[in-house]
Amino acid sequence: MTRLMQIAPAIIMAALSALVIFETRHLSYWSDYSPGPAFAPWWIAFIGLLLSALLVFQAFRGTDVWEDAGTTRPGFARAAATFVSLLVFLFLIPYLGLVITSVLVALVIMLAILRRAIVPSIVSALAAGGTIYGIFFWWLQIHLPTGPLGF
Amino acid sequence: MESLSLLADGFATALTPTNLLFVLIGVVLGQVVGALPGIGPSAGMALLLPLTFGVEPVSAIVMLAGIMYGGMYGGTLTSVLINVPGEAASVMTAVDGHQLARQGKAGAALSISAIGSFLAGIGAVALLVFITPALADLALKFNAPEYFLLASLGITATASIGGGSQVRALLAAVLGLIVALVGTDPMVGTERLTFGSTHMLEGFDFIPVAIGIFGIAEVLVSLENSQDLQPIRTRLRDLVLSRADWMACRMSIVRGGAVGMLVGLLPGAGPTVASLLAYVVEKKASPHPEKFGKGALDGVAAAESANNSAVHGALVPMLALGIPGSASTAVLLAALILQGIQPGPMLMTQHADLVWGLIASMFIGNLILLILNLPLVPVFASLLRVPYDYLAPAILVVSLTGAYAMTLNIFTVVIAIAFGLIGYGMMKFDIPRSPLVLAVVLAPLLESSLRQSLMLSLGSPMIFVERPISAILLVMVTGSILLPIIATWRRRRKERAARTAGAAA
């Protein structure tokens, strides 16, 4: 595990804390008689910066408790590809509707990413689509985006 | 006595056919969720929360609570039969439970787990009946300073007690507080950290955040290491406990249940810490500590009793004070808010039917779980033979549909996916996720009560010291931060001394 990986959360938190201070700089910290809208953000950002510094200090002293997740390259690729398919899911909903998009995305994940057998994958994807249709359209009667087939 | 009369009313509410059905659905779903490796009760509750839309508040809450404690029973199955804890609180069960299964005693391990969970669960609910109203009465004396410190304690205790690096856990809590800052200022309504987006004016809803952080992140990590697991087969007749087994475990259940209840009452500790602590206590009390780690039935009994008891105990601060003590109770609290119910000390008087219906439903739910678990273990175990790869994509799309159904706005799905990525990153960087989720829930109370306190005192922080209850709470908050630091420092000093002594020898 490289030291950069070990202190990555500290770097991200420090950047986020700086962003909070920058974005709330125009708000008042204190009004006449009470704390203003910038009071909490500034204190939280200050604590964030303090903790980031502490984590970097611990990393350099070798006292930071770190449990390596042990990610393999193929494992990471599977997770990344699944995440990308969720972004595609977002993109397709307005065109195909939620049920059809869900079935297609579930099928793609099982067949293309996880390399599973065709028949059980189709059964599982259809079951997911059926669950969404049964619960959200039919039972709860929620107006979900519909596709060319009307659901 | 008043509690008992209210509990009787609660049973009248819980025993209606609709609520009974929802308890049954909840505990069965919880059992399945707990048995699925990678999906814990918090994730399961967040993912299944959309199923409660349009359902009566009592039915919705008893179902979600059923998932919460049902998950504890379900986690045992995977721990014993495939050595993969369904959720973190079953880790200690996996240690001895799977060893027992390999020795041909899977039935005994599953049986004592179910019986121990039932007895400890019932005991914890019985205590909950008496503790919760007393605590709620005390909480009526609370004002802004006490609420600020109570919310702070919820966050610092979660970060401190959970194990692992305290700094990383506090970092997660700060991230949660930053997430909660987005939107409009709670007191003057000024736009804050919205980056000019109208979508962000109302801030981030808790549920898509929880779906992402717990559900999506866990599924993504599980898919990294997907493999087909072959569970050890169990037969019905193996589930019958011998008299010797029962005699050896009966006190373990009592000790585990007591440890679990105490730990559950503490904000932030939760069932994982409870099972770990109960296991350690049991090893010390056991006449055969050498068996621990190699197949100790009393170790399984203690750990399982403790985690179920802790789940019920964690409901006390949530019902009495409106302060969630664990990630699961945070989801339950969000469900209450989603149903239009304001949690807090007034909950027990304003929504007595809901609170007492929930408590009564837990007696019923635990009984249903015992009945389901003993004869139906082989059926639930067969679920484990379905490869996770066929379930994961379905879990993802159904949960994202649920997120959409909450607001009918695609931005909610975007939030869920974005927090899925954040949760995945947190798991990779070994940052606990519970402090983030609790901070998101507690942040509005934390900020508004802090500002109200300082307004009352005209800016003087002495208000937190001058009031007796807030002074006690301040000591607890300080202690929750300092005690783990002192413990770590002392441990390191001992280790250094041992190394020096070793080098000198």
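Here is how names work: the chains are called A, B, and so on, in the same order as the sequence lines, proteins then strands, and each is numbered from 1.
Counting heavy-atom pairs closer than 4.5 Å to chain B, the top-ranked of the candidates I132(A), I109(A), I142(A) is I132(A). Taking V413(B), L193(B), L458(B) one by one and counting their heavy-atom pairs under 4.5 Å with chain A, the maximum is reached by L193(B). When the candidates P35(A), A79(A), P120(A) are compared by the number of heavy-atom contacts under 4.5 Å with chain B, P35(A) comes out ahead. If you tally non-hydrogen atom pairs under 4.5 Å between each of L446(B), L170(B), T401(B), V174(B) and chain A, the highest count goes to T401(B). Contact count against chain B (heavy-atom pairs under 4.5 Å) is highest for I44(A) among I44(A), I93(A), L107(A). Between chain A and the options M426(B), R451(B), E191(B), M455(B), heavy-atom pairs under 4.5 Å are most frequent for R451(B). Of the listed residues (T24(A), L86(A), V99(A), I12(A)), the greatest number of heavy-atom pairs within a distance under 4.5 Å of chain B belongs to L86(A). In terms of non-hydrogen atom pairs under 4.5 Å with chain B, the most contact-rich of V103(A), T82(A), V123(A) is T82(A). Interface summary for chain A: among I178(B), L450(B), I431(B), the most heavy-atom pairs under 4.5 angstrom belong to I178(B). Of the residues considered (S85(A), A8(A), A10(A), G36(A)), G36(A) shows the highest number of contacts with chain B, using heavy-atom pairs under 4.5 Å.
Taking every heavy atom of both residues into account, R168(B) and Q6(A) meet most closely at NH2-O, 3.2 Å. Nearest heavy atom pair, residue A40(A) against residue L181(B), reads CB-CD2, 4.3 Å. Taking each heavy atom of P37(A) and T190(B) in turn, the nearest pair found is CG-OG1, 3.7 Å. Among all heavy-atom pairs drawn from Y404(B) and P145(A), the shortest one is CE2-CD, 3.3 Å.
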Practice task
Check the pair K428(B), F76(A) against side-chain contact (heavy atoms from CB on, under 4.5 Å), reporting the backbone distance first and the verdict last.
Solution key: CA-CA 10 Å; K428(B) 294 285 121 184; F76(A) 179 73; 5.8 Å; no

Exercise for the section: Show your reasoning for whether side-chain contact (heavy atoms from CB on, under 4.5 Å) applies to I417(B) and F83(A). Expected result: CA-CA 8 Å; I417(B) 294 176; F83(A) 183 77; 3.5 Å; yes

Practice task
I would like to know whether E224(B) and T72(A) meet side-chain contact (heavy atoms from CB on, under 4.5 Å); could you show each step before the answer?
Solution key: CA-CA 8 Å; E224(B) 272 190 0; T72(A) 61; over 6 Å; no

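In this structure, chain B has a heavy atom under 4.5 Å from the side chain of I135(A), while its backbone stays farther away. Neither the backbone nor the side chain of L456(B) comes within contact range of chain A, judged by heavy atoms closer than 4.5 Å. Contacts between A117(A) and chain B at a heavy-atom distance below 4.5 Å involve backbone atoms as well as side-chain atoms. The parts of L220(B) that come within reach of chain A are both its backbone and its side chain, each placing non-hydrogen atoms under 4.5 angstrom from that chain. Heavy atoms of W30(A) lying under 4.5 Å from chain B belong exclusively to its side chain. Both the backbone and the side chain of V398(B) have a heavy atom closer than 4.5 Å to some heavy atom of chain A. Both the backbone and the side chain of I410(B) come within less than 4.5 Å of a heavy atom in chain A.
Interatomic distance, I47(A) CD1 to L171(B) CG, rounded to the nearest 0.5 Å: 11.5 Å. Separating the OG atom in S34(A) from the CD atom in Q452(B) is a distance of 10.0 Å, to the nearest 0.5 Å. One distance of note links OG1 of T131(A) with CD1 of I395(B); it measures 11.0 Å at 0.5 Å rounding. Put simply, NE2 on H143(A) and CG on L408(B) are 8.5 Å apart, with the number rounded to the nearest 0.5 Å.
By the 4.5 Å heavy-atom criterion applied to side chains, L19(A) and F195(B) are counted as neighbours. Between L454(B) and F39(A), the closest side-chain pair of non-hydrogen atoms falls below 4.5 Å. The shortest side-chain heavy-atom distance between L27(A) and R192(B) falls under the 4.5 Å cut-off. Within the 4.5 Å cutoff, side-chain heavy atoms of F429(B) are placed close to those of M5(A). Proximity of T101(A) to V397(B): side-chain heavy atoms (C-beta onward) are nowhere separated by under 4.5 Å.
Residue E56(B) qualifies as open at atom CD: its count of foreign heavy atoms under 6.0 Å is 12 or below. Counting non-hydrogen atoms of other residues, nucleotides and ligands closer than 6.0 Å to CH2 of W43(A) gives a total of 12 or fewer. Counting heavy-atom neighbours within 6.0 Å of I118(A) CD1, excluding the residue itself, gives a total of 12 or less. For R25(A), the CZ atom is densely surrounded, since the number of other residues' heavy atoms within 6.0 Å is greater than 12.
Of the possible donor and acceptor atoms, one in the side chain of S124(A) sits under 3.5 Å from a partner among the backbone N and O of Y390(B).
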